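Worksheet: the structure to be examined is printed underneath.
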2 protein chains.
Amino acid sequence: MAVTIKDVAKKANVAPSTVSRVIADSPRISLNTKKRVRKAMKELGYHPNVNARNLAVRSTQAIGVIMPSSAETALQNPFFPEVLRGIGSIAHETEYSLYVSTGGDDEQLFDEVKRMVYGHRVDGIILLYSRVNDPIMDFLVEENFPFVVVGKPYKNESQITYVDNDNIEASRELTNHLISFGHQHIAFIGGTTDLMVTKDRLLGYQSALSEVGIEVCQDYIVHDQFLRSSGKKAVEQLFALKKTPTAMVIADDMMSLGVINMLETLGLDCPDDVSITSFNNLYLSEITRPPLTTVDIQIYKLGIQSAKCLIEQLKTKDDEPARRVIVPYAIKFRQSTRKLD
Amino acid sequence: MAVTIKDVAKKANVAPSTVSRVIADSPRISLNTKKRVRKAMKELGYHPNVNARNLAVRSTQAIGVIMPSSAETALQNPFFPEVLRGIGSIAHETEYSLYVSTGGDDEQLFDEVKRMVYGHRVDGIILLYSRVNDPIMDFLVEENFPFVVVGKPYKNESQITYVDNDNIEASRELTNHLISFGHQHIAFIGGTTDLMVTKDRLLGYQSALSEVGIEVCQDYIVHDQFLRSSGKKAVEQLFALKKTPTAMVIADDMMSLGVINMLETLGLDCPDDVSITSFNNLYLSEITRPPLTTVDIQIYKLGIQSAKCLIEQLKTKDDEPARRVIVPYAIKFRQSTRKLD
DNA sequence: TTTACATTCACAAACGCTTGCATAAACTGA
DNA sequence: TCAGTTTATGCAAGCGTTTGTGAATGTAAA
């Protein structure tokens, strides 16, 4: 069918092996032959068959990207496209291809990972989330398959390469900002509790409160998915309380969006009635009204770094110890918070 | 290294070919042997090597997804994640894998397509855009490589399978809506002129105006990228005119976002001073203030349909004529338009 | 002129799977 | 009992590469 290495060999009057070595630019082939072979390749429009190559060298030049199983909804959070963009840029540079997960529920996603791993479809995997007791992560370490996670692993932290922000510190800083504005009744709205990122952000919030002697009130802490609709629900819950909060730390911009909407529906003004701070600095955090004070976690860089780590890891077969990359964050102060009189 | 078909064969006391046939569930193998082989597979934890399989059957179970070359920015428009989501869901169902492009500029993107095609990395391709004189599309038809495009091809329309909305009609309807509200000075803000989708939407707009005898004024037509920043620029340009428009048809929600922002900066109110209608019904079109009247093009379905078409096409090697699928649209009337007194 | 050693390349065996063809066994019916 | 037929499985040749090994040629030293 297509033109193969043999055709080229025939045309250039050499053996297939020689052609192969020319492709690999092996020093064992004389410049003359190389030229001749290259010419033949050009003329025939030859392109190597990756499958055959992969089979022979036992490697694909591809990396798998796993999004949370709620992938149906995951892509609705701009976080993922953005981190994908970062990964893609490195993948492109290094001539790796990108395999993305398509899984619906948890089980399907797991199947897909298995397919990637067992089927030798990818050389390594990037996990775009980190949750407690994640069977996929367990599987990956079990199989000793190269992978890196975006977020902090829930266990084996020292053996797993990961890239993350210092979410605890960021959250603490955010909370302190609210405290310095005179807020005492500060609520926390986080993603599902099994996400490490939620845990860390909650931790920072709690520690900031404790530090200044504010009691951490469980009623002020609500959890749900990183979606807009969830933000709405959370607000309903919080503002049904006796003593309603005057400020909140929200773990995701998408949720903040929902919060703002809901606040409006309840006839509450942000920041006049309640101050809001959140996370991620999605592009939409600038366009909400008011624009959000949010921590820029540099999503794109998270993608870049995770891809770099993985590829590095693939190059240096094993040995190399696990690495940890902490991408710095920066709080973007905008108009969603207000000093209490 | 890993467990291969031979290991299974040995363990089950059959030939490798038999194992292969068991995997394929061939009727030529007796139920008894099947059971025995399956047991052996289980026990050894056998998983077929896709590379080897692909090499043998000359197919990968993968489809490539090509986003516009400005991929760096493309993923910033939620259109792409959303359509990807649709594609992914079908891919998953049919056990296809997804290869996404990572290309930076036009040339890189083209390279990547070549790699996919020549390298036999994918069985077919979905093109997520359609622009005039697109070398990639030309290449694909030239190579007679299976592909479908989301959007209307700029040529060879009858030979290319594509899925699209009736953008002309949608745009006409949108414009008529504005006209029925008494607007006479209606501007059009579109994406770059080489995009087919821009062309169609412009066409609908123009035809609606002509039908009721409103002159189409070139000053009222501006073009730029489907980005928020572009929307801003467009507004500046339009409101520097002597006779400023009282309404606009905008070809993309992201742009509308920019438009609304800019309008505000200029001290203009939407819809009081200017009515806005736009396209795509991204989730953010509900959360802008005011919520946008926009046409819901059913992005997710576009993804679904394109994937279905492609896979269908892959099954029925050639023969089958090209298909065209028009996904119905629905205008979402919200608060961004107002009747002129 | 012979030996020793580079240099340059070809041979052939993998890699793990599919599949056309051959064959052996078991069954049919006369 | 035997030819004919069906059923169940094995053999071996691919698929298009890579790569270890060794053969042929050339060159320099002895």
Side-chain angles (χ1 to χ4, degrees), chain A residues 1-41 44-62 95 115-123, chain B residues 1-38 40-41 44-62 95 115-123 317:
Chain A
M1 181 141 304
V3 22
T4 81
I5 209 170
K6 284 185 199 153
D7 303 320
V8 177
K10 202 165 296 172
K11 173 136 192 163
N13 256 317
V14 296
S17 51
T18 303
V19 178
S20 171
R21 283 188 243 269
V22 170
I23 295 172
D25 204 20
S26 154
R28 288 177 44 185
I29 305 294
S30 70
L31 197 60
N32 252 326
T33 337
K34 275 186 188 171
K35 274 186 187 150
R36 196 151 38 91
V37 171
R38 293 218 176 94
K39 184 152 158 275
M41 296 200 303
L44 291 169
Y46 168 76
H47 287 266
N49 178 319
V50 244
N51 271 323
R53 169 164 216 291
N54 289 343
L55 182 58
V57 303
R58 274 173 240 57
S59 117
T60 71
Q61 280 267 309
E95 303 228 299
R115 256 171 58 198
M116 286 190 185
V117 173
Y118 288 140
H120 298 267
R121 283 171 189 271
V122 300
D123 290 345
Chain B
M1 184 140 303
V3 22
T4 82
I5 209 171
K6 283 186 201 153
D7 302 321
V8 178
K10 202 165 295 169
K11 174 137 192 164
N13 257 316
V14 295
S17 50
T18 303
V19 178
S20 171
R21 285 188 245 269
V22 171
I23 295 172
D25 203 21
S26 154
R28 292 175 40 185
I29 305 296
S30 71
L31 199 59
N32 251 327
T33 343
K34 274 186 187 170
K35 274 186 187 149
R36 195 151 39 89
V37 171
R38 293 219 175 93
M41 297 200 302
L44 291 168
Y46 168 77
H47 286 266
N49 178 321
V50 242
N51 272 323
R53 169 164 217 291
N54 289 343
L55 182 58
V57 303
R58 276 174 238 57
S59 116
T60 71
Q61 279 270 308
E95 302 228 299
R115 256 171 57 198
M116 286 189 184
V117 173
Y118 288 140
H120 297 267
R121 283 172 189 272
V122 300
D123 290 345
K317 281 292 177 211

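Because the structure is predicted, anything quoted here is derived from the model rather than measured. Residue numbers start from 1 in every chain, and the chains themselves are labelled A, B, ... in the order their sequence lines are given, proteins ahead of strands.
Applying the 3.5 Å distance criterion, the base of C:dC9 shares no donor-acceptor pair with the side chain of A:Thr18. At a cut-off of 3.5 angstrom, counting only N and O atoms as typed in the model, there is a donor on one side and an acceptor on the other between the side-chain of B:Arg21 and the base of D:dG10. Checked by distance alone, B:Ser17 brings no side-chain donor or acceptor within 3.5 Å of a matching partner on the base of C:dC17. One can find a donor-acceptor pair under 3.5 Å joining the base of D:dT21 and the side-chain atoms of A:Arg28.
Spacing between atom NZ of A:Lys6 and atom C1' of C:dC11 amounts to 13 Å, rounded to whole angstrom units. At whole-Å resolution of the value, CZ in A:Arg53 and C1' in D:dT19 are 12 Å apart. Straight-line distance from the CZ atom of A:Arg121 to the P atom of C:dG16: 17 Å, rounded to whole Å. In this entry the distance linking CG of A:Asn32 with P of C:dT7 reads 16 Å, nearest Å. Counting to the nearest Å, the P atom of C:dA14 and the CD1 atom of A:Ile5 are 19 Å from each other. Distance A:Lys10 NZ to D:dT17 P: 13 Å, rounded to the nearest Å. Rounding to whole angstrom units, CG of residue B:Asn51 and P of C:dC17 are separated by 11 Å. Going from atom CZ of A:Arg58 over to atom C1' of C:dG16 covers 10 Å, rounded to whole Å.
Among all heavy-atom pairs drawn from A:Lys11 and A:Ala40, the shortest one is CG-CB, 3.8 Å.
Distances from the side chain of A:Ala56 to the nucleotides C:dA10, D:dT17, C:dG16 place D:dT17 closest. Set against C:dC9, D:dT17, D:dT18, the side chain of A:Ser20 has D:dT18 as its closest nucleotide. Which of D:dT17, C:dC17, C:dC9 sits closest to the side chain of A:Asn49 comes down to D:dT17.
Across all strands, B:Asn13 comes closer than 4.0 Å only to sugar-phosphate atoms, never to a base (heavy-atom distances). Heavy atoms of A:Val50 sit nowhere under 4.0 angstrom from any nucleic acid atom. Across all strands, B:His120 comes closer than 4.0 Å to no nucleic acid atom at all (heavy-atom distances).
Distances shorter than 4.0 Å separate none of the side-chain N or O atoms of A:Tyr118 from OP1 or OP2 on C:dG16. At C:dT7, none of the side-chain N or O atoms of A:Ser30 fall inside 4.0 Å of OP1 or OP2 (strictly under the cut-off).
At a threshold of 4.5 Å between non-hydrogen side-chain atoms, the residues B:Val8 and B:Val37 count as touching.
Within 6.0 Å of CG in A:Asp25 there are more than 12 heavy atoms belonging to other residues, nucleotides or ligands. Around NZ of A:Lys34, the count of heavy atoms belonging to other residues, nucleotides or ligands within 6.0 Å exceeds 12.
When the nearest nucleotides of DNA chain D are assigned to B:Ile29 and B:Val57 by heavy-atom distance, the more 5′-ward of the two goes with B:Ile29. Toward the 5' end of DNA chain D, the nearer of the two residues A:Ala24 and B:Pro16, judged by each one's closest nucleotide, is B:Pro16.
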| Between A:Thr4 and A:Asn49, is a side chain to side chain contact (heavy atoms under 4.5 Å, CB included) present by the stated rule, with each step listed? | CA-CA 8 Å; A:Thr4 81; A:Asn49 178 319; over 6 Å; no

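Between the side chain of A:Lys39 and the main chain of A:Ala12, no donor-acceptor pair closer than 3.5 Å is present.
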